[in-house]
Amino acid sequence: MSAGLKAGFFCYGAAGLLGLLLVPDKANALLYLLFFGLWPMLKSLLERIPARPLEWLCKLAVFNAVLSLFWFGLHSLFLPFLPETLQAPWMVYAAGNAAFVIYDVGFSKLISFYVARVDRVLRKTS
């Protein structure tokens, strides 16, 4: 975050490549590559949209696109552990969207904490 968006994409690519090469569980490396590693940079870009409803619509569209990829393309790899009650796609999408909103709000709070407490101290010492 302190180094900018280009550095973020570079670190994402390097960490993703190392994850695919070194992590024995490739499913976790794919989760990182397809969503969790890419999300901080996408979040930064999407939060530049001035209209808050449009920003959230775009965030949910990105999340649902990735969730659709997981559900329809990689179901047997990522989702075989789902309980019987969550086997219906509408339940997965409802629970996933609720969890994503909580995740995004929490991630925003973590970023605010970093900017207020950590980044400011790092910039003073360097």
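In this chain, numbering begins with 1 at the start of the sequence shown.
Annotation: the span from Asp104 atom CG to Ile111 atom CD1 amounts to 8.0 Å, rounded to 0.5 Å. Here the CG-CZ distance, from Leu42 to Phe63, works out to 13.5 Å after rounding to the nearest 0.5 Å. Note that CG of Leu45 and CG of Leu5 are 5.0 Å apart. Values are rounded to the nearest 0.5 Å. Here the straight-line distance linking atom CZ of Phe70 with atom CG of Leu30 works out to 7.5 Å at 0.5 Å rounding. Here CG of Leu69 is found 5.5 Å from CG of Leu34. Values are rounded to the nearest 0.5 Å.
A search for side chain to side chain donor-acceptor pair (under 3.5 Å) contacts involving Glu55 returns Lys59, not counting sequence neighbours. Leu54 meets the side chain to side chain contact (heavy atoms under 4.5 Å, CB included) test with Ile49, Ala51, Leu57, Cys58; sequence neighbours excluded. Under the rule for a side chain to side chain contact (heavy atoms under 4.5 Å, CB included), the partners of Tyr103 that lie at least two apart in sequence or sit in another chain are Phe35, Phe36, Trp39, Phe100.
With Ser44 contributing its side chain and Pro40 its backbone, the two residues share no donor-acceptor pair below 3.5 Å.
With a 6.0 Å radius and a threshold of 12 heavy atoms from other residues, nucleotides or ligands, Arg48 has its CZ atom above the threshold. Surrounding OH of Tyr114 are more than 12 heavy atoms belonging to other residues, nucleotides or ligands, all under 6.0 Å away.
Side-chain contact between Tyr12 and Leu33 is present, with heavy atoms from C-beta onward closer than 4.5 Å. Here the side chains of Phe9 and Leu38 are in contact, with some heavy-atom distance below 4.5 Å.
Residues Leu18 and Tyr32 do not share a hydrophobic cluster, clusters being chains of Ile/Leu/Val/Met/Phe/Trp/Tyr side chains in contact below 4.5 Å. Residue Leu67 is not grouped with residue Ile102 when hydrophobic side chains (ILVMFWY) are merged at heavy-atom distances under 4.5 angstrom, including chains of intermediate members.
Between Lys43 and Ser108, the shortest heavy-atom distance links the atoms NZ-OG, 2.7 Å.
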